[in-house]
K.L.:
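Please read through the structure below; I'll follow up with questions.
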Amino acid sequence: MKFFLDTASLAEIKWASEAGLIDGVTTNPSLMAKDLGDLDPREVIRRICEMVPGSVSAEVVSLGAEEMYQEGKELAKIADNVTVKVPMTEAGLIATKRLATDGIKVNVTLCFSSMQCLMAAKAGAAFVSPFIGRVDDIGQVGMDIISEARQMFDNYGFDTEILAASIRHPRHVADAALIGADVATVPTKILKQMMLHPLTDKGLSQFMDDWNKVSSKGE
Ligand code: E4P
């Protein structure tokens with residue numbers, strides 16, 4: 001399973017990339033608005049692409065099919081590893097088909113059902129992003145979308161990658177991995193939580209205490 005970092009924070013991406021913990025990055029307009037600072041959005045994407053060799057999703061902010069297509073083509077020029085992110089709308093699917101036909105990778109975002117995932121795959125999306133946490137938030141089971149999409153894609157041989165998004169905790173990542181999602185995109189806080197377990201800390205502390213009791217003997 002690939003791990004993407006779900007942020008536009010250059011500092012967080014630098015840390016995770018240099019640590020070798022991530023395979024790519026996803027951004028969205030909300031994340032960009034939060035971390036843009038004084039920089040131009042294209043410059044932020046360019047800098048992320050320099051730091052991370054894998055897929056970097058940059059989202060269009062147009063709503064019409066033609067406008068999304070033109071905006072997507074411009075975003076794709078920023079770097080070879082840009083994946084153009086488009087919303088799961090009728091216009092988004094038309095833009096996806098056109099961008100994919102031009103050889104540009106597309107991530108169809110804001111997917112909340114397996115049917116939407118299947119439509120996006122048929123349009124030629126390289127990635128589909130089911131938003132697990134937001135579905136859980138309204139009392140439904142977000143992970144069901146991943147299971148159903150996995151089965152659908154396998155039934156028909158789609159190579160569209162399932163990118164589990166809107167991840168709220170490490171268990172979401174574990175469940176998505178068990179089902180066979182190709183990618184999980186996680187906020188930095190969750191990536192850090194994924195490395196932690198209280199028994200690891202307790203065990204390490206015990207090892208160090210025991211070792212320190214005998215290590216002074218050789219002095
Ligand atoms: C995916 O690419 C989105 O950026 C993201 O996962 C949305 O998550 P949220 O529901 O935490 O905003």
Side-chain angles (χ1 to χ4, degrees), residues 1-8 10 13 17 22-33 36 39-131 145 149-150 152-166 181-185:
M1 177 184 240
K2 284 178 267 190
F3 294 147
F4 288 2
L5 204 61
D6 198 22
T7 184
L10 296 175
I13 293 165
S17 181
I22 55 166
D23 305 289
V25 168
T26 50
T27 66
N28 66 37
S30 303
L31 294 171
M32 290 290 275
L36 205 51
L39 292 173
D40 173 74
R42 291 176 61 89
E43 176 60 13
V44 171
I45 297 297
R46 194 190 64 72
R47 291 191 192 187
I48 297 172
C49 288
E50 255 179 25
M51 287 190 274
V52 181
S55 165
V56 174
S57 284
E59 188 158 344
V60 299
V61 287
S62 320
L63 295 176
E66 174 62 22
E67 291 79 4
M68 280 190 217
Y69 173 61
Q70 295 301 339
E71 194 185 343
K73 282 203 301 183
E74 289 307 309
L75 288 171
K77 285 181 194 161
I78 298 174
D80 288 346
N81 53 331
V82 164
T83 296
V84 176
K85 210 175 182 191
V86 306
M88 176 54 223
T89 58
E90 180 182 328
L93 290 188
I94 293 166
T96 298
K97 181 85 179 174
R98 293 180 66 189
L99 290 164
T101 303
D102 288 353
I104 294 170
K105 285 193 170 180
V106 180
N107 173 3
V108 176
T109 189
L110 290 168
C111 292
F112 293 92
S113 75
S114 55
M115 195 65 246
Q116 290 181 313
C117 293
L118 186 58
M119 293 289 286
K122 278 182 69 71
F127 300 93
V128 289
S129 293
F131 276 38
I145 308 169
R150 178 74 282 151
M152 288 171 173
F153 289 8
D154 291 349
N155 284 350
Y156 295 102
F158 285 108
D159 56 12
T160 303
E161 295 190 52
I162 298 173
L163 194 167
S166 187
D182 302 281
V183 190
T185 189

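What you see is a predicted model, and the numbers here were worked out from it, not measured in a lab. Heavy atoms only: backbone and side chains are in, while hydrogens, waters and symmetry mates are out.
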K.L.:
Specify the closest pair of heavy atoms between F158 and K122, including all atoms of both residues, with the distance to one decimal.
P.N.:
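Scanning both residues, the minimum pair turns out to be CZ-CG, 3.5 Å.
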
K.L.:
To the nearest 0.5 Å, how far apart are SG in C49 and CD1 in I78?
P.N.:
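It is 7.0 Å, given to the nearest 0.5 Å.
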
K.L.:
Would you compute the distance between atom NZ of K77 and atom CD1 of I104 and round it to the nearest 0.5 angstrom?
P.N.:
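The distance works out to 9.0 Å.
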
K.L.:
Would you compute the distance between atom CE of M88 and atom CZ of F112 and round it to the nearest 0.5 angstrom?
P.N.:
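Between M88 CE and F112 CZ, I get 11.5 Å after rounding to 0.5 Å.
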
K.L.:
If only atom types and distance count, is the side chain of T83 paired as donor or acceptor with the main-chain N or O of S55 below 3.5 Å?
P.N.:
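Absent.
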
K.L.:
Give me the atom names and distance for the closest heavy-atom approach of G54 to N81.
P.N.:
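Nearest pair, atom of G54 first, then N81: O-ND2, 3.0 Å.
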
K.L.:
Can you name the nearest heavy-atom pair linking L75 to R42, along with the distance?
P.N.:
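Scanning both residues, the minimum pair turns out to be N-NH1, 4.2 Å.
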
K.L.:
Do the side chains of L110 and Q116 get nearer than 4.5 Å, heavy atoms only?
P.N.:
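A side-chain contact under 4.5 Å is absent here.
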
K.L.:
Rounded to the nearest 0.5 Å, how far apart are CZ of F127 and CG of D182?
P.N.:
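Spacing of CZ (F127) from CG (D182) equals 8.5 Å.
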
K.L.:
Kindly give the heavy-atom pair with the smallest separation between I45 and A58, and that separation in Å.
P.N.:
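Where I45 meets A58 most closely, the heavy atoms are CD1-CB, 3.7 Å.
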
K.L.:
Should we count CG of N155 as having more than 12 external heavy atoms under 6.0 Å?
P.N.:
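Count over threshold, so yes.
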
K.L.:
Which pair of non-hydrogen atoms, one from S129 and one from A165, has the smallest distance, and what is that distance?
P.N.:
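For S129 and A165, the tightest heavy-atom pair comes out as CB-CB, 4.2 Å.
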
K.L.:
Looking at E67 and S62, would you say the former's side chain and the latter's main chain have a donor-acceptor pair under 3.5 Å?
P.N.:
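Here the side-chain-to-backbone pair does not exist.
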
K.L.:
How long is the span from the OG1 atom in T27 to the CG atom in D6, to the nearest 0.5 Å?
P.N.:
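With rounding to 0.5 Å, OG1 (T27) is 8.5 Å from CG (D6).
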
K.L.:
Evaluate the side-chain proximity of M51 to V25: yes if any heavy-atom separation is below 4.5 Å, no if none is.
P.N.:
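Sidechains of M51 and V25: no contact.
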
K.L.:
Is there side-chain contact between E43 and R47, with heavy atoms separated by less than 4.5 Å?
P.N.:
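Result yes, sub-4.5 Å side-chain heavy-atom pair found.
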
K.L.:
Provide the closest heavy-atom pair for G24 versus V52 in the form atom of the first, atom of the second, distance.
P.N.:
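Closest pair (atom of G24, atom of V52, distance): CA-CG1, 3.7 Å.
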
K.L.:
Is it the case that the side chains of Q70 and E66 hold a donor-acceptor pair, with the cut-off being a distance below 3.5 Å and no angle test?
P.N.:
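Yes, a side-chain donor-acceptor pair sits under 3.5 Å.
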
K.L.:
Tell me, do N107 and T26 make a side-chain contact under 4.5 Å, heavy atoms counted?
P.N.:
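Side-chain contact under 4.5 Å: yes.
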
K.L.:
Within the structure provided, determine whether V60 and Y69 are in side-chain contact (heavy-atom separation under 4.5 Å).
P.N.:
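Heavy-atom side-chain distance check fails, nothing below 4.5 Å.
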
K.L.:
Are I162 and C117 close enough that some pair of their side-chain heavy atoms sits under 4.5 Å apart?
P.N.:
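Counting from C-beta outward, I162 and C117 never come under 4.5 Å.
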
K.L.:
Who pairs with K2 by side chain to side chain contact (heavy atoms under 4.5 Å, CB included), at least two apart in sequence or on another chain?
P.N.:
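With sequence neighbours excluded, K2 shows a side chain to side chain contact (heavy atoms under 4.5 Å, CB included) to F4, D23, E161, V183, given in chain and number order.
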
K.L.:
Give a yes or no on this: more than 12 heavy atoms of other residues, nucleotides or ligands lie within 6.0 Å of atom CG of D159.
P.N.:
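Open.
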
K.L.:
Hey, does V86 have a side-chain heavy atom less than 4.5 Å from the side chain of V108?
P.N.:
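Contact flag for V108/V86 side chains = yes.
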
K.L.:
Are the side chains of I48 and S17 in contact, using a 4.5 Å heavy-atom criterion?
P.N.:
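Not touching, per the 4.5 Å side-chain cut-off.
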
K.L.:
For the OG atom of S30 and the CD atom of E59, what is their distance to the nearest 0.5 Å?
P.N.:
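The distance works out to 8.0 Å.
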
